[in-house]
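Contents: one structure, followed by commentary.
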Amino acid sequence: MGIVNLTPDSFSNGGRYADIERAIAHAHRLLGDGADILDLGAESTRPGAAPVSLEDELGRLMPVLAGLRDFPMPISIDTYKPEVMEEAIRVGAAMINDINALRAPRAIDIVADSDTGVCVMHMQGTPQTMQQDPRYGDVVAEVKQFLADRVAALEDAGIGRERIVLDPGFGFGKTKAHNLALLRGLGELGALGLPVLAGLSRKSVLAKLTQCEDRKSAPQPEYEDRVPASIAAALLAVFKGARIVRVHDVKATCDALAVYSAVMAEPPLAV
Ligand code: HH2
């Protein structure tokens with residue numbers, strides 16, 4: 001899943017694709033680079049990000065969606081606002097990617113009345129406060145229980161399991177230790193029997209991991225410096241059972257996954 005952030009303030013590439021032409025060109029580039037799904041988001045959800053009004057979010061998103069009308073790849077819309085879901089579904093969005101797991105009033109009904117897919121993500125708190133002091137007893141068990149409860153609510157509302165993807169929400173109300181535990185325990189979430197999406201690309205947990213004290217040349221990494229760590233994280237997520245990885249750097253990730261798949265293919269490729 002290739003990311004196109006239509007925001008002036010996204011944490012790693014804010015402002016770069018905020019104008020319509022550049023966003024559309026970037027979507028085509030990600031297609032050429034090997035993405036299978038495009039994820040368009042018009043509101044940054046990085047820790048502390050300011051909420052965006054409905055008008056602004058629609059104003060950023062809808063012209064780009066119109067420009068991608070015949071795009072030969074499913075388009076996912078990263079939003080937690082029911083009104084944005086409604087508009088995006090009306091113009092053919094293939095998936096709603098909701099960091100709030102369809103908990104806003106009406107969100108679940110809007111998706112249930114359509115045939116679109118949905119990614120439900122775990123988040124503790126809200127983007128404004130989530131990184132202040134996240135706490136869990138057993139992070140993997142609690143995230144798993146939350147996702148299981150959301151799946152039950154979605155199914156009750158008439159959303160079939162074949163439409164649902166699960167996401168532990170790396171970085172959304174989680175410390176470094178929580179994120180690592182979730183990556184290690186991703187297979188536990190897979191046990192719920194639905195595809196798992198992992199979004200670790202360029203996230204600050206990777207900068208924390210690469211800033212070892214014994215490395216002399218390790219200043220706070222620039223976001224682009226997080227690409228190698230992002231690829232390692234994507235491969236590990238796939239190794240742990242993720243079916244979708246949400247990434248900024250599609251070409252580099254696809255190259256790494258091509259090597260991974262060739263080695264891991266079963267039965268082994270003939271030599
Ligand atoms: N992460 C971000 C946004 N949306 N959706 C899902 N399902 N999973 C994620 O991990 C996830 C997500 C944050 O990353 P990004 O879009 O690059 O930044 P920003 O929110 O600042 O636009």
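As the structure lists them, so they are numbered: ligands from 1, and atoms in each ligand from 1. All values below were derived from every heavy atom in this structure, side-chain atoms included, with hydrogens, water molecules and symmetry-related copies excluded.
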Phe170 and His178: CA distance, side-chain angles, deciding distance, ring-ring contact (aromatic ring centres under 6.0 Å, His included) verdict: CA-CA 9 Å; Phe170 290 105; His178 296 144; over 10 Å; no
In sequence, state the C-alpha distance, the side-chain angles, and the governing distance for Lys251 and Asp255, and then conclude on salt bridge (charged side-chain N to carboxylate O under 4.0 Å, His left out). CA-CA 6 Å; Lys251 180 160 191 330; Asp255 285 355; 3.1 Å; yes
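Not a single heavy atom of Arg202 lies less than 4.0 angstrom from ligand 1.
Within ligand 1, counting atoms from 1 as listed, the ones closer than 4.0 Å to a heavy atom of Cys119 are 7 (N). Ligand-side atoms of ligand 1 in range of Asp78: 3 (C), 4 (N), 12 (C), range being under 4.0 angstrom from any heavy atom. The contact set between ligand 1 and Gly199, taken as ligand atoms under 4.0 Å from a residue heavy atom, comprises 10 (O). The atoms of ligand 1 that sit less than 4.0 Å from any heavy atom of Arg46 are 20 (O), 21 (O). Close contacts of ligand 1 with His248, meaning ligand atoms under 4.0 Å from a residue heavy atom, involve 17 (O).
Summarising the contacts of atom 7 (N) of ligand 1 with Asn97, Leu166, Ile3, Leu6, the nearest heavy atom is found in Asn97.
The closest donor-acceptor contact from the side chain of Glu57 to the backbone of Val52 lies at 3.5 Å or more, if one exists at all. Checked by atom type and distance alone, the side chain of Arg163 pairs as donor or acceptor with a backbone atom of Thr116 at under 3.5 Å. A donor-acceptor contact shorter than 3.5 Å is absent between the side chain of Thr45 and the backbone of Pro127.
Note on ring orientation: taking the six-membered ring where Trp is involved, the planes of Phe239 and Tyr260 are perpendicular (angle over 60°, cut-offs 30° and 60°).
By the 3.5 Å distance cut-off applied to N or O atoms, Arg246 is counted among the residues near ligand 1. Considering both main-chain and side-chain atoms, Ser44 comes within under 3.5 Å of ligand 1 through a nitrogen or oxygen pair. The shortest N/O to N/O separation between Asp39 and ligand 1 does not fall below 3.5 Å.
Proximity of Asn5 to ligand 1, defined as any heavy-atom pair under 4.0 Å, is confined to the side chain (atoms from C-beta onward).
Salt-bridge formation is not detected for the pair Arg246/Asp167: no Lys NZ or Arg NE/NH1/NH2 atom is positioned less than 4.0 Å from an Asp or Glu carboxylate oxygen.
Of all heavy-atom pairs between Ile108 and Ala157, the closest is CG1-CB, 3.9 Å.
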